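This structure is a prediction, so every number in the text was calculated from the model and none was measured.
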Amino acid sequence: MPAPAEPSSAGSSGGSSGGENESVGTVVVAGLANLAIAVAKLVAGLFSGSASMLSEAAHSLADTVTEVFLFVALRRGQKPADERHPFGYGKESFVWAFIAALFTFIGGAGFSIYHGVTTILAGDHSGDFLWSYLVLAISFVAEGTSFLRAKRQVAGESRRWGITPSRFLRLTPDTTVKAVYFEDSAALIGLILAALGILGVQLTGDEVWDGVASVLIGLLLLVVAFILARSNVSLLVGRAVPRAMHNNIAQDLQSIPVVTAVPTLLTMQLGPGDILVAAKVDFDDDVSGGQIEEASDEAERRLRTRYPQIRYVFLDPTRGRAGRNHENGGLDI
């Protein structure tokens, strides 16, 4: 998992497979929880006639389908490289994660806002409130369990890389854990909004509170979908590694004895656990071709030792100027 700092010795030996397996578990737990909750909310919404409960049912159904897309993203992204895709299938993870964000936007947010507006205008009567409160309470426990698992993974990874959880969520290319974290957070907030909407109807007898809660749930989903879609678009286009990591790579290359400058350093996230490094390197004019080859091999060993996620390293010997190095590049967040 690329991050803007070196991992601790305790965490650097785990590789990316452990994080991928943990992400699969997080997605599966979230998907099963959302499926059960969607059915329960739909039944409660039909019995009570509550717009916010039906919106929550649509929310959970959208989250369930999203988890399916994220599971596909994890599996497809792990396919090995072949002649048609020499850099692997890592970016396919970002494609499926982007589709998941679009489904949240269309399926969850669209239905919630539409149903909320119609309830405000038509004032459909809500029925039995007990069903709604019971399902909301059970849903909160289930969503909370899924959220705590995602939060635990985020906290563990952020400690491993020596950064805050919020910074980890901004920088990580693991779109699956990011999606589960944000969607579960939105689900918990949505449950509170739905409960407040139903309570408002119960206390005032005015159905507008239920409709307003439904619209707010839809707007919340829009925000989550926008955040996730923007992150995935950036990764699909070809996002660089974080700036601190970029500088560490540059320093490793510059520390090779026969290297006088690294005028150009380019990086790209090929997948959640794969990074490409390409650099124009100015070698000492007095060294032989064999020494350049040895230095290139040493550079690759150093980079992969520090960051096991670096899959490809391409160095282009080029004429430069001593001390002129490409520093402070990469992603600045």
Using only atom types and a distance under 3.5 Å, with no angle test, would you say the side chain of Thr64 pairs donor to acceptor with the backbone of Leu35?
yes

Under 3.5 Å: donor-acceptor pair, side chain of His246, backbone of His326
yes

Gln269 versus Pro272, closest heavy-atom pair with distance
NE2-O, 3.9 Å

Are Leu134 and Ile198 co-members of a hydrophobic cluster defined by side-chain heavy atoms under 4.5 Å apart?
no

Please step through side-chain contact (heavy atoms from CB on, under 4.5 Å) for the pair Leu265 and Val277, ending with a clear verdict.
CA-CA 7 Å; Leu265 174 59; Val277 175; 3.8 Å; yes

Linked, directly or transitively: Leu61 and Val68 (ILVMFWY side chains, under 4.5 Å):
no

Are the side chains of Leu236 and Val95 in touch, meaning some heavy atoms are under 4.5 Å apart?
yes

Minimum heavy-atom distance Arg170-Arg239, with the two atoms named
O-NH1, 3.9 Å

Side chains of Asp316 and Thr264, heavy atoms from C-beta outward: is any pair under 4.5 Å?
no

Once rounded to the nearest 0.5 Å, what's the spacing between atom CZ of Arg76 and atom OH of Tyr89?
7.0 Å

CD-CG distance between Glu300 and Leu253, expressed to the nearest 0.5 angstrom:
11.0 Å

Is Thr172 reaching over with its side chain to a backbone N or O of Leu169, donor-acceptor style, under 3.5 angstrom?
no

Could you list the cluster mates of Leu270? Members are the ILVMFWY residues connected by side-chain heavy atoms closer than 4.5 Å, either directly or through other members.
Phe87, Met268, Leu276, Tyr312, Phe314

I need the Gln291 CD to Ile256 CD1 distance, nearest 0.5 Å.
13.0 Å

Closest non-hydrogen atoms of Leu70 and Ala179, given as atom of the first, atom of the second and distance, are CD1-CB, 3.5 Å

Closer than 4.0 angstrom, basic N to acidic O: yes or no for Arg302 and Asp252?
no

Closest non-hydrogen contact found for Ala299 with Leu315 is CB-CD1, 3.9 Å

Within the distance-only criterion (no hydrogens, no angle test), does the side chain of Asn325 pair as donor or acceptor with the backbone N or O of Val262 below 3.5 angstrom?
yes

Return yes if some donor-acceptor pair links the side-chain N/O of Thr267 with the main-chain N/O of Val241 below 3.5 Å, else return no.
yes

Within the 4.5 Å heavy-atom criterion, are Leu303 and Ile249 side-chain neighbours or not?
yes

Validation row: Ile275, Tyr307 side chains within 4.5 angstrom (heavy atoms):
no

Treat each ILVMFWY residue as a node, draw an edge where side-chain heavy atoms are under 4.5 Å apart, and state whether Leu203 and Leu216 are in one component.
yes

Closer than 3.5 angstrom, by distance alone: can the side chain of Ser93 be matched with the main-chain N or O of Ala73 as a donor-acceptor pair?
yes

Consider only side-chain heavy atoms of I, L, V, M, F, W and Y, link residues closer than 4.5 Å, and tell whether Leu136 and Leu188 are in one cluster.
yes

Checking the side chain of Gln78 only, and the main-chain atoms of Arg75 only, is there a donor and an acceptor separated by less than 3.5 Å?
no

Between Asp184 and Ser146, do the side chains contain an N or O donor and an N or O acceptor separated by less than 3.5 Å?
yes

Do Asp282 and Thr260 get their side chains close enough for a donor-acceptor pair, meaning under 3.5 Å?
yes

Would you indicate whether the side-chain heavy atoms of Glu67 and Glu183 approach each other to under 4.5 Å?
yes

In one Ile/Leu/Val/Met/Phe/Trp/Tyr side-chain cluster, 4.5 Å: Val208, Leu199
yes

Flag side-chain contact, heavy atom, 4.5 Å: Leu219 against Ile113:
yes

Supply the members, apart from Tyr114, of the Ile/Leu/Val/Met/Phe/Trp/Tyr cluster built from side-chain contacts under 4.5 Å; use none for a lone residue.
none

Apply side-chain contact (heavy atoms from CB on, under 4.5 Å) to residues Ile292 and Val258 and explain how you reach the verdict.
CA-CA 8 Å; Ile292 291 177; Val258 297; 5.8 Å; no

Residues in ring pair (Phe, Tyr, Trp, His ring centres under 6.0 Å) contact with Tyr181, at least two apart in sequence or another chain:
Phe147

Grab the two heavy atoms, one from Thr318 and one from Pro263, that are nearest each other, plus how far apart they are.
CG2-CG, 4.2 Å

I want to check something: taking the side chain as every heavy atom from C-beta on, are Ser139 and Lys41 in contact at a cut-off of under 4.5 Å?
yes

From Leu148 CG over to Glu143 CD, what is the distance, rounded to the nearest 0.5 angstrom?
11.5 Å

Should Thr145 and Arg149 be marked as a side-chain contact (heavy atoms from CB on, under 4.5 Å) after you check the CA-CA gap, both sets of side-chain angles, and the distance that decides it?
CA-CA 6 Å; Thr145 301; Arg149 180 186 175 92; over 6 Å; no

Which atom of Pro86 lies closest to which atom of Ala81, heavy atoms considered
O-CB, 3.5 Å

Under the criterion side-chain contact (heavy atoms from CB on, under 4.5 Å), I'd like the reasoning laid out for Thr175 against Phe98: C-alpha separation, chi angles, the key distance, then a yes or no.
CA-CA 9 Å; Thr175 54; Phe98 179 72; over 6 Å; no

If you link I, L, V, M, F, W and Y whenever their side-chain heavy atoms are under 4.5 Å apart, who else ends up in the same group as Ile37?
none

Side chains of Ile120 and Val212: closer than 4.5 Å at any heavy-atom pair?
yes

Per the ring-ring contact (aromatic ring centres under 6.0 Å, His included) rule, what does the pair list look like for residues 262-290, sequence neighbours excluded?
none

Side chains of residues 221-235: which donor-acceptor partners sit under 3.5 Å, not counting sequence neighbours?
unit_1: Ser231; atom_1: OG; unit_2: Lys178; atom_2: NZ; d: 2.9
unit_1: Asn232; atom_1: ND2; unit_2: Leu228; atom_2: O; d: 2.8

